[in-house]
Amino acid sequence: MKNLLIFLFMLFAATGLKAQTISHIETTRSWYYIYDQDGKRIRTLSTSQGELKGYSSTFYIIKQGSSFYITYDASGRRLHTFGAQSVGEVLGVAGDTFTSRVGSWIYTWSKEGKRISTRAAR
């Protein structure tokens, strides 16, 4: 009986959990306000952390100075730090990836730091 109650408790607890997703990042002069799918503010970052380059529902990317790009998940956990020279200019963010341009090449990167694809820019 005790095992059944524990199982039911765990089942109900697990179904009540929702994964945090980013629905919007509001930018002011001094702050980035990150909101979840319910419109609740889940994180506040100072703009002194760097320049927000883009976001999707699962992560956002910030450029720190001229040296680094850093990806963060919805809860603010650092996922990966990229050297700015290897990434170049961030073009866009979608899903779990972002694209960048270095010279005449377009790269697709995962939010965890893996280069997924490379193609020549037009």
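Model, not experiment: these values are computed from the prediction.
- Taking each heavy atom of K111 and H80 in turn, the nearest pair found is O-CB, 3.8 Å.
- Looking only at distances, a side-chain donor or acceptor of R101 sits under 3.5 Å from a matching main-chain atom of G103.
- Smallest separation of non-hydrogen atoms from I116 and W109: CD1-C, 3.9 Å.
- At distances below 3.5 Å, not a single donor-acceptor pair connects side-chain atoms of T71 with backbone N or O atoms of I61.
- For the 3.5 Å distance criterion, the side chains of S117 and T108 qualify, holding a donor opposite an acceptor.
- Rounded to the nearest 0.5 Å, atoms NE2 (H24) and CZ (R41) are 11.0 Å apart.
- Put simply, the side chain of D38 never gets that close to the backbone of K40: no donor and acceptor are under 3.5 Å apart.
- Here E89 contributes atom CD and I106 contributes atom CD1; the two are 9.0 Å apart, rounded to the nearest 0.5 Å.
- Under a 3.5 Å cut-off, the side chain of S56 and the backbone N or O of V93 do not form any donor-acceptor pair.
- The closest donor-acceptor contact from the side chain of T97 to the backbone of A94 lies under 3.5 Å.
- A ring-centre distance under 6.0 Å is not found for F98 and Y107.
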Is there a side-chain contact (heavy atoms from CB on, under 4.5 Å) between V90 and K63? Walk through the geometry before answering. CA-CA 9 Å; V90 172; K63 184 173 185 185; over 6 Å; no
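- Checked by atom type, the side-chain pair T21/Q37 shows a donor-acceptor distance below 3.5 Å.
- Using modelled atom types, no side-chain atom of S23 and backbone atom of G39 make a donor-acceptor pair closer than 3.5 Å.
- Note that CZ of R115 and CZ of F82 are 11.0 Å apart. Values are rounded to the nearest 0.5 Å.
- L52 and F59 sit in two unconnected hydrophobic clusters of ILVMFWY residues. Membership requires side-chain heavy atoms under 4.5 Å apart, directly or through other members.
- Judged purely by distance below 3.5 Å, without hydrogens or angles, the side chains of S30 and T28 never pair a donor atom with an acceptor atom.
- For the pair S100 and V87, the tightest heavy-atom approach, listed with the atom from each and the gap, is OG-O, 2.7 Å.
- The shortest side-chain heavy-atom distance between T58 and D73 does not fall under the 4.5 Å cut-off.
- Note that the CH2 atom of W31 and the CD atom of Q49 stand 9.5 Å from one another [nearest 0.5 Å].
- At a threshold of 4.5 Å between non-hydrogen side-chain atoms, the residues I34 and T44 do not count as touching.
- Between Y35 and Y33, the two ring planes are tilted [angle within 30° to 60°].
- A donor-acceptor pair under 3.5 Å is absent between the side-chain atoms of Y32 and the main chain of S46, judged by distance alone.
- A donor-acceptor contact shorter than 3.5 Å links the side chain of Y69 to the backbone of G88.
- Minimum interatomic distance between S75 and R43 (heavy atoms only, all atoms of both residues): O-CD, 3.6 Å.
- Atoms CD1 and CD1, on I70 and I62 in that order, are 7.5 Å from each other to the nearest 0.5 Å.
- For the pair Y72 and L79, the tightest heavy-atom approach, listed with the atom from each and the gap, is C-CD1, 3.8 Å.
- In this structure, CD1 in I42 is found 5.5 Å from CG in D36, a value given to the nearest 0.5 Å.
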